Amino acid sequence: MRLIAGDRSIESDPAERGGELLSRLWPEQEWVALRVNGELRDLLSPLGEQAAEGQIEPLKAEQLSEFPELFRHTLSHLLAQAVRAHFAAEGVEEKEIHMGVGPATQTGFYYDFDLPRALSEDELPAIEQRMHGLVSQDLPLRRAELSRQQAEQAFAYDPFKLEILSGLPEGAQVSTYSQGDFTDLCRGPHLPRTGLIPQSFRLTSTSGAYWRGDERRPMLQRIYGVAFATEPELEAYLTRLEEAKRRDHRKLGKELELFATDPMVGKGLVLWLPKGTLLREELISFLRAEQRKRGYQEVVTPHIGNLELYKTSGHYPYYADSQFAPIRVDDEEYLLKPMNCPHHIRIYAQRPRSYRELPIRMSEFGTLYRYELSGELNGLTRVRGFTQDDGHIFCRQDQLKEEFLSVLDLTLLVFRTLTLQDVRFRVGTRDPGSDKYVGGDAVWDQSERQILEAVQEVGLEYSVAQGDAAFYGPKLDLIVKDAIGRDWQLGTIQVDYNLPERFNLHYVGQDGGLHRPVMVHRAPFGSLERMIGILIEHFAGDFPLWLAPEQVRIIPITDRHLGYAEEVARLLQESGFRAGSDAGSERMSAKVRSAELAKVAVTLVVGDREEAERTVSLRGEGGKSRPLSLPDLLAELSERRGRRSA
RNA sequence: GCCAGUGUAGCUCAGCGGUAGAGCAACCGAUUCGUAAUCGGUAGGUCGUCGGUUCAAAUCCGACCUCUGGCUCCA
């Protein structure tokens with residue numbers, strides 16, 4: 001067969017190994033891997049028939065930064081070899097250590113083991129040392145191909161490997177990779193020798209992980225590592241972790257007295273402290289005002305609902321596992337509200353609706369309760385009680401796309417205002433192989449097509465995630481990047497043909513007949529709890545003026561300036577600012593420090609000069625201050641607040 | 001829910017069989033000071049809870065609870 005390498009054409013054979021081909025082409029150079037038609041391959045594997053007419057691209061060690069999965073995957077094998085050696089040192093036979101899977105991850109690698117005893121995190125440095133040693137030994141990797149039957153004999157001691165093999169077709173060929181005395185079943189690709197692995201890796205943690213992610217299967221011990229091509233990249237990653245830790249909303253939430261959780265109240269239930277409540281109320285009134293402009297009507301519905309309501313909607317028993325158990329009252333059962341939509345639907349159904357009043361856009365800041373697994377609960381991002389900025393649009397089919405676009409517009413406005421600029425879409429469609437969905441194929445096809453059209457019209461980057469749909473309809477998730485580049489899934493818009501049908505909703509059309517409305521579910525924030533958690537981390541607690549719980553603090557230089565400080569504070573308060581003066585007996589610089597630590601949005605200092613001139617000294621970025629007259633101060637702060645900028 | 005770790009004053013942490021400690025914060029007093037820490041004093045803890053071992057437990061053992069890192073799930 002013929003292959004193309006740059007501007008050269010070369011004759012090869014499907015059985016020829018990548019490495020052999022490259023050393024024929026460039027005998028003096030050392031390569032670490034190659035790409036065939038863009039697909040990453042290792043030097044040890046035969047090119048295969050599908051390489052014919054393919055474009056060959058050799059990769060040098062210097063290019064490993066671009067293909068970290070190469071050394072990360074090889075490192076997971078080294079980890080397995082090191083773990084075996086570690087246990088061999090205490091007399092454990094290597095075949096007693098069974099292994100699950102060990103792939104590369106986004107930042108490193110892991111491997112799952114079934115070990116004779118619990119591994120402590122204190123043992124990781126010793127295992128890591130062994131791994132560094134294996135790299136230094138520069139062991140060559142060997143690849144072998146064998147039939148499924150041969151592999152089953154070779155790995156007869158390991159039930160997990162056998163299970164992997166049993167999932168392959170009868171006559172399948174599999175490959176193994178070995179270095180030193182260690183052999184693992186693996187598809188590759190791998191580096192050709194361990195000496196090419198950068199030493200910039202670290203074992204970071206251990207955890208439990210179910211075999212094949214299934215909670216009914218045994219739990220294995222997972223060891224995680226991080227690995228980068230160069231030491232500076234590893235350092236940069238570890239610095240990012242530090243930065244994330246510094247911004248942790250649980251830590252900042254406590255320090256800034258925004259929220260608390262209390263075991264006596266119940267886990268996963270958030271207590272909003274006064275400062276956090278201010279933040280929350282600002283977000284709510286911002287969205288409420290935007291929704292009014294867009295013709296939403298706000299409603300309020302109870303925190304519990306009759307179980308029949310959720311049986312009709314289909315939420316019960318479908319989501320019974322993640323709901324609080326029903327409450328029995330007399331002869332009826334009630335559920336803590338896991339969803340607002342059934343309540344809103346019953347509001348729609350209070351009286352006959354005309355095509356003239358559609359679309360009806362109903363919104364509610366509705367508090368929901370879901371029974372999340374206790375091990376899942378986490379700060380504000382995973383809780384058992386939360387408030388959704390929920391909304392449901394009931395419209396005619398011909399209005400659907402416009403409504404969908406308008407929701408998209410609102411959601412993007414919300415994100416831009418919160419300075420979450422980098423947004424992309426993910427369209428969740430149904431999994432054709434699953435039967436969990438309600439409703440027919442025709443409506444599903446229709447709604448999936450409408451979402452895609454709307455998304456394409458907006459023109460932002462989007463992807464399609466098959467199988468990500470809700471049980472009642474396809475959905476659109478918005479994924480945003482925060483200030484330190486982390487992705488968050490926020491806001492969700494869903495088209496729903498099924499609930500209107502289950503509740504038998506209709507409207508009277510122009511033709512006098514009854515028609516079925518379409519529903520759009522949407523929540524730009526998603527949950528206020530989660531959104532605020534993300535915002536705390538995005539801003540690292542330094543909220544823009546409009547959101548800052550404490551907006552202005554006025555620091556008098558000595559006690560004799562306190563009267564003037566209070567006068568300035570009152571002036572600001574009259575314009576609706578959350579302002580106060582610091583009457584403590586500390587030195588001015590200590591008060592400045594306290595204001596910084598409390599992350600007050602604006603710090604003003606007043607002394608003799610300011611009092612005489614009726615000005616304030618506004619403390620800006622990096623401690624640089626500038627004088628401002630009181631009218632200018634009010635104008636500047638009002639403008640900043642109005643623009644919702646920092 | 002499962003695996004592993006963790007828990008000492010409001011916060012950060014020391015103490016690891018022999019009478020509970022520090023810094024910061026709080027409170028009191030002095031100080032009145034120009035953009036990230038003024039000085040002195042006072043108060044604050046059934047060492048997560050319950051049980052066990054011991055003459056003696058914050059310290060050793062067990063159970064439970066919280067929280068943390070994962071697994072799994074997310075309408």
Side-chain angles (χ1 to χ4, degrees), chain A residues 100 110 112 115 118-122 204-224 245 248 250-251 254-255 257 260-264 266-268 310 313-316 318-323 338-342 368 370-379 381-383 386 388 390 428 436 438 468-473 475 477 489 492 494 496 498-499 521 523 526-527 530 555-562 584-598 603-610 617-620 622-626:
Chain A
Y110 68 80
D112 289 345
L115 299 172
L119 188 79
S120 146
E121 237 154 79
D122 303 337
T204 53
S205 58
T206 61
S207 76
Y210 297 110
W211 167 236
R212 302 212 144 167
D214 184 339
E215 62 188 333
R216 292 162 306 197
R217 309 297 305 272
M219 181 159 275
L220 306 179
Q221 297 190 56
R222 177 171 296 180
I223 301 178
Y224 280 98
K245 215 168 152 189
D248 191 323
R250 294 166 304 195
K251 181 171 161 278
K254 187 174 188 97
E255 281 173 14
E257 297 186 306
T261 53
D262 186 332
M264 204 181 270
K267 50 189 167 187
Y310 304 105
S313 73
H315 290 111
Y316 192 89
Y318 190 83
Y319 286 104
D321 284 352
S322 49
Q323 289 163 356
M339 259 295 176
N340 294 306
C341 30
L368 310 179
R370 295 185 186 171
Y371 180 78
E372 304 286 355
L373 291 179
S374 63
E376 265 308 315
L377 300 173
N378 180 288
T381 53
R382 209 55 192 277
V383 290
F386 60 96
Q388 216 175 36
D390 214 350
K436 74 167 185 173
V438 285
D468 252 21
F471 78 92
Y472 51 69
K475 66 176 181 179
D477 287 324
Q489 191 217 297
T492 174
Q494 303 168 354
D496 182 357
N498 293 303
L499 285 177
H521 306 238
S527 108
R530 194 173 121 85
I555 296 174
I557 285 180
T558 74
D559 281 357
R560 68 177 178 278
H561 309 115
L562 189 55
S585 68
E586 295 297 313
R587 284 189 177 173
M588 182 267 268
S589 61
K591 292 182 182 176
V592 166
R593 180 179 143 85
S594 310
E596 288 293 339
L597 292 176
T603 304
L604 304 175
V605 174
V606 295
D608 286 335
R609 208 157 55 223
E610 287 75 17
S617 166
L618 179 120
R619 184 180 152 83
K624 279 200 216 106
S625 62
R626 66 190 157 93

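We name chains A, B, ... by the order of the sequence lines, and we start the count at 1 in each one. Here the structure is a predicted model, which is why all the values come from computation and not from measurement. These numbers come from the heavy atoms of this one structure, side chains and all, not from hydrogens, waters or symmetry mates.
Nucleic acid contact for G607(A): base, since at least one base atom lies under 4.0 Å from a heavy atom of the residue. No engagement by E121(A) is indicated, since no non-hydrogen atom pair under 4.0 Å with the nucleic acid exists. Across all strands shown, E610(A) has heavy atoms under 4.0 Å from base atoms, whether or not it also approaches the sugar-phosphate. Backbone-only contact: K254(A) has heavy atoms under 4.0 Å from sugar-phosphate atoms and none from a base. Within 4.0 Å (heavy atoms only), E586(A) reaches at least one base atom of the nucleic acid. At the heavy-atom level, Q489(A) lies nowhere under 4.0 Å from the strands shown. As judged by a 4.0 angstrom heavy-atom cut-off over every strand, S589(A) is placed among residues touching the sugar-phosphate backbone only.
Nucleotide rC74(B) holds its C1' atom 10 Å from the CZ atom of R530(A), rounded to whole Å. Put simply, CG on L597(A) is 11 Å from C1' on rC24(B), counting in whole angstrom units. Between the CD1 atom of I223(A) and the C1' atom of rC3(B) there is a distance of 13 Å, rounded to whole Å. Rounded to whole Å, atom C1' of rC73(B) lies 8 Å from atom CD of E215(A). Between R593(A) atom CZ and rU38(B) atom C1' there is a gap of 14 Å when expressed in whole angstrom units.
Mapped onto RNA chain B by nearest heavy atom, R560(A) and R222(A) fall at different nucleotides, with R560(A) at the one closer to the 5' end. For S120(A) and E372(A), each mapped to the nucleotide of RNA chain B holding its nearest heavy atom, the one lying further toward the 5' end belongs to S120(A).
When Watson-Crick and G-U wobble pairs are counted only if both distances are under 3.5 Å, rC24(B) pairs with rG10(B).
Each of rA75(B), rC33(B), rA4(B) was ranked by its minimum atom distance to the side chain of A118(A); first place goes to rA4(B). Here rA36(B) is the nucleotide among rA75(B), rA36(B), rG34(B) with the atom lying nearest to any side-chain atom of R619(A).
In terms of heavy-atom proximity, R217(A) sits nearest to Y210(A) at O-CD2, 3.7 Å.
In this structure, K251(A) places its NZ atom where more than 12 heavy-atom neighbours from other residues, nucleotides or ligands lie under 6.0 Å away.
Taking atom P in both rU31(B) and rC67(B), one finds a spacing of 48 Å when rounded to whole Å. Taking the C1' atoms as reference points, rU49(B) lies 15 Å from rU8(B), given to the whole Å.
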What pairs of nitrogen or oxygen atoms, one from the protein and one from nucleotides 67-69 of chain B, lie under 3.5 Å apart?
from    : atom 1 : to      : atom 2 : distance (Å)
rU68(B) : OP1    : R250(A) : NH1    : 3.1
rG69(B) : OP1    : R250(A) : NH1    : 3.2
rG69(B) : OP1    : R250(A) : NH2    : 2.9
rG69(B) : OP2    : R250(A) : NH1    : 3.2
rG69(B) : OP2    : N378(A) : ND2    : 3.2

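Put simply, the side chain of H521(A) never gets that close to the backbone of C341(A): no donor and acceptor are under 3.5 Å apart.
Using a 4.0 Å cut-off, some side-chain N or O of Y224(A) falls inside it from OP1 or OP2 of rC71(B). Listed pair K475(A) / rA75(B) meets the phosphate criterion, a side-chain N or O lying under 4.0 Å from OP1 or OP2.
A salt bridge links R382(A) with E372(A); the closest basic N to acidic carboxylate O contact falls under 4.0 Å.
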